[in-house]
Amino acid sequence: MLKLIFFVMFLMPICFINGMFWMVQSMLFVISFIFIMFNFYSNYFMNISYFLGCDMISYGLILLSLWICSLMLMASESVFKYNNYSNLFLLNILFLLFFLILTFSSMSLFMFYLFFESSLIPTLFLILGWGYQPERLQAGVYLLFYTLLVSLPMLVGIFYLYSNVGSMHFYILSNYLFEYELLYFSLILAFLVKMPMFLVHLWLPKAHVEAPVSGSMILAGIMLKLGGYGLLRVFSFLQALAVKYNFLWISISLVGGVLISLVCLRQTDLKALIAYSSVAHMGIVLAGLMTMTYWGLCGSYTLMIAHGLCSSGLFCLANITYERLGSRSLLINKGLLNFMPSMTLWWFLLSSANMAAPPTLNLLGEISLLNSIVSWSWVSMIMLSLVSFFSAAYTLYLYAYSQHGKGFSGVYSFSEGKLREYLLLFLHWVPLNLLILSGDMCMLWL
């Protein structure tokens, strides 16, 4: 794991050489492919160095981090074009990637906590430094306070664990079972806000709407997965309590999923719609994870990876039209079929992935999640059917409203997409549809 960390560290000075923007981006792709070739599929920690290691769950998420970070640079051409502090932008993204790799490959709970919180800082800088509107300050404060406020009890919980067990290594902790309610709530809450669970999700749409495209991509692609990853890790020693209290979170998530889907149906802002839809998706992930069944855990992991690629791609699409039309409103972004015909195909492909059409990885994830939640309690079928129906409804609303209809009269210039943009969308979509061929990687890690 250290070789990966060093690679990212040595990329940092290159950021300050002028004209090296695409060089850094290419090197990130190179390291992504090198990491694919590591190919250690195993459910125990491997490639161990000092306090870092990698198992199946970490592997998929580190790969996703590398991939999304390289695509973020590809999407943020405008930062490079208008020289909007592009060197600092590169440095910021590399720091973010650095913290994310460390977060996912930490083998100690405390180290995980440390980097989990550190990854917040570069994200905050992305939103504050390269965001669009003045409201980005408020969005940054929301992001910081929601996540920091609930993380402090978690720190106390970690110290309690250390005083009892004498170690914070995930592998050693998983041999214990704790029966202490306060510990359960303090450890879980931080991850629930990060997921974000319904009721504590307000920071997410705000942050998404104010963030630049790269900020949205990293938020949707990886930041939401930190919560799910943390839960997968801590549930190994909280099983006894989880069985007792998880019904609470499952109920909130399922009801919340339906309510958020209804909120999606009346959004006029492209980005806000995609942001709220990811809250609904993560609600299902959370519910499946909380059932503590084999299907649920594997399905939640699968859908996390699928959602990372799919949501990120949709934000790229929203940004492509935003760069052309200067607005994210659905009232202006309509009739895009006449305006950018070839781009409509990508809208279609990514929208269909968003509602879990075959052969996307989302389908595999959602099928196993439905299976696990219904086997947990058949009453949940009511809410699940509503979530599934509305998720198709708002995705169709997004697609049909933006692509069809009469174009906005203010749009005169005709502009097809650039090669860079098509490549960007292609690189989101292809892993999403090819990964279902290696579904064993997602489903057989427990």
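All values below come from the heavy atoms of this structure, side chains included, with hydrogens, waters and symmetry mates left out. The first residue in the sequence is number 1, and the count goes up from there.
In this structure, Tyr397 has its ring center no closer than 6.0 Å to that of Tyr394. Taking the ring centroids of Tyr85 and Trp130, they lie at or beyond the 6.0 Å cut-off.
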side-chain hydrogen bond (donor to acceptor under 3.5 Å, both in side chains) between Asn371 and Ser368, worked out: CA-CA 5 Å; Asn371 201 331; Ser368 34; over 6 Å; no
side-chain contact (heavy atoms from CB on, under 4.5 Å) between Thr321 and Trp347, intermediate numbers included: CA-CA 11 Å; Thr321 57; Trp347 273 101; 4.2 Å; yes
Full working for side-chain contact (heavy atoms from CB on, under 4.5 Å) between Ser311 and Ile274: CA-CA 7 Å; Ser311 206; Ile274 303 166; 4.0 Å; yes
Intermediate values then yes/no, side-chain contact (heavy atoms from CB on, under 4.5 Å), Phe170 and Phe112: CA-CA 10 Å; Phe170 284 126; Phe112 167 71; 4.0 Å; yes
side-chain contact (heavy atoms from CB on, under 4.5 Å) between Glu210 and Gln133, intermediate numbers included: CA-CA 6 Å; Glu210 304 306 324; Gln133 288 101 343; 3.0 Å; yes
Derivation and outcome, ring-ring contact (aromatic ring centres under 6.0 Å, His included), residues Phe29 and Trp67: CA-CA 7 Å; Phe29 270 124; Trp67 195 247; 5.3 Å; yes
Pair Phe315-His208, ring-ring contact (aromatic ring centres under 6.0 Å, His included): steps then yes or no: CA-CA 9 Å; Phe315 278 116; His208 269 310; 4.5 Å; yes
Test ring-ring contact (aromatic ring centres under 6.0 Å, His included) applied to Phe35 and Tyr59, step by step: CA-CA 9 Å; Phe35 190 66; Tyr59 179 75; 4.9 Å; yes
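Enclosure of atom OH in Tyr132 by more than 12 non-hydrogen atoms of other residues, nucleotides or ligands within 6.0 angstrom is indicated. Other residues, nucleotides and ligands contribute at most 12 non-hydrogen atoms within 6.0 Å of the CZ atom of Phe125. Atom CE of Met12 has more than 12 neighbouring heavy atoms from other residues, nucleotides or ligands inside a 6.0 Å radius. Annotation: Tyr294, atom OH; neighbour count of heavy atoms from other residues, nucleotides and ligands within 6.0 Å is above 12.
Residues Asn354 and His307 have side chains that never bring a donor and an acceptor to within less than 3.5 angstrom of each other. Between the side chains of Thr293 and Thr291, at least one donor-acceptor pair of N or O atoms lies under 3.5 Å. Side-chain contact check for Glu416 and Tyr422: at least one donor-acceptor pair (N or O, by modelled atom type) lies under 3.5 Å. Lys271 and Ser216 share a donor-acceptor pair across their side chains, judged by distance under 3.5 Å alone. Checked by atom type, the side-chain pair Arg233/Tyr229 shows a donor-acceptor distance below 3.5 Å. With no hydrogens or angles considered, a side-chain donor-acceptor pair links Glu117 and Ser151 at under 3.5 Å.
Using a 4.5 Å cut-off on side-chain heavy atoms (C-beta onward), Leu28 and Leu97 make contact. Put simply, the side chain of Val263 does not reach to within 4.5 Å of the side chain of Ser261, judged on heavy atoms. Side-chain contact between Leu361 and Leu309 is absent, with no heavy-atom pair separated by less than 4.5 Å. Side-chain contact between Ile62 and Leu66 is present, with at least one heavy-atom pair separated by less than 4.5 Å. Proximity of Pro196 to Leu224: side-chain heavy atoms (C-beta onward) are separated by under 4.5 Å at one or more points. At a threshold of 4.5 Å between non-hydrogen side-chain atoms, the residues Tyr401 and Thr268 do not count as touching. With a 4.5 Å cut-off on side-chain heavy atoms, Ile17 and Asn87 do not count as touching. The shortest side-chain heavy-atom distance between His428 and Cys310 does not fall under the 4.5 Å cut-off.
Counting only distance, with no hydrogens or angles, the side chain of Tyr146 and the backbone of Lys194 share no donor-acceptor pair below 3.5 Å. A distance-only check finds a donor-acceptor pair linking the side chain of Tyr301 to the backbone of Met56 [under 3.5 Å]. Under the 3.5 Å distance criterion, the side-chain polar atoms of Ser58 are left unmatched by any main-chain donor or acceptor of Ser105. Although no hydrogens or angles enter the test, the distance criterion places a donor-acceptor pair under 3.5 Å between the side chain of Asn92 and the main chain of Pro122. At distances below 3.5 Å, not a single donor-acceptor pair connects side-chain atoms of Arg328 with backbone N or O atoms of Leu270. A side-chain donor-acceptor contact under 3.5 Å links Asn246 to the backbone of Met290. Formation of a donor-acceptor pair under 3.5 Å by the Lys225 side chain with backbone atoms of Ala220 is found in this model. In this structure, Thr123 contributes its side chain and Ser119 its backbone to a donor-acceptor pair below 3.5 Å. Judged by distance alone, the side chain of Trp203 and the main-chain N or O of Val141 form no donor-acceptor pair under 3.5 Å. Side-chain atoms of Asn83 do not come within 3.5 Å of backbone N or O of Val79 as any donor-acceptor pair.
Scanning both residues, Leu369 and Gly296, for their nearest heavy atoms gives CD2-O, 3.7 Å. Shown here for Leu289 and Gly228, the closest heavy-atom pair between the two residues is CD1-O, 3.9 Å. Here the closest non-hydrogen pair linking Gly308 and Leu64 is CA-CD2, 4.4 Å. When every heavy atom of Leu363 is checked against every heavy atom of Ala357, the shortest pair comes out as CB-O, 4.2 Å. Among all heavy-atom pairs drawn from Val213 and Ala75, the shortest one is CG1-O, 4.0 Å. The shortest non-hydrogen separation linking Leu386 to Val258 is CB-CG2, 3.9 Å.
Between Phe116 and Phe191, the ring-plane angle classifies as perpendicular under the 30° and 60° cut-offs. Relative ring orientation between His404 and Tyr399 is described as perpendicular, the plane-to-plane angle rising above 60° on a 0-90° scale split at 30° and 60°. Classification of the Phe198-His201 ring pair by plane angle, with boundaries at 30° and 60°, yields parallel. Using cut-offs of 30° and 60° on the angle between ring planes, the pair Trp346 and Phe426 is perpendicular.
For the atom pair CG of Leu73 and CG of Leu94, the computed distance is 7.0 Å after rounding to the nearest 0.5 Å. Note that the CE atom of Met74 and the OG atom of Ser214 stand 14.0 Å from one another [nearest 0.5 Å]. A distance of 6.0 Å separates OG of Ser106 from CZ of Phe51, quoted to the nearest 0.5 Å.
Screening residues 352-373 for ring-ring contact (aromatic ring centres under 6.0 Å, His included), with sequence neighbours left out, gives no hits.
By the 4.0 Å N-to-carboxylate-O rule, Arg324 lies close enough to Glu421 to be salt-bridged with it.
Every side-chain contact (heavy atoms from CB on, under 4.5 Å) that Phe7 has, sequence neighbours left out, goes to Leu11, Met27, Ile31.
Both the sub-6.0 Å distance and the 45° axial angle are not jointly satisfied by Lys81 relative to the ring of Phe21.
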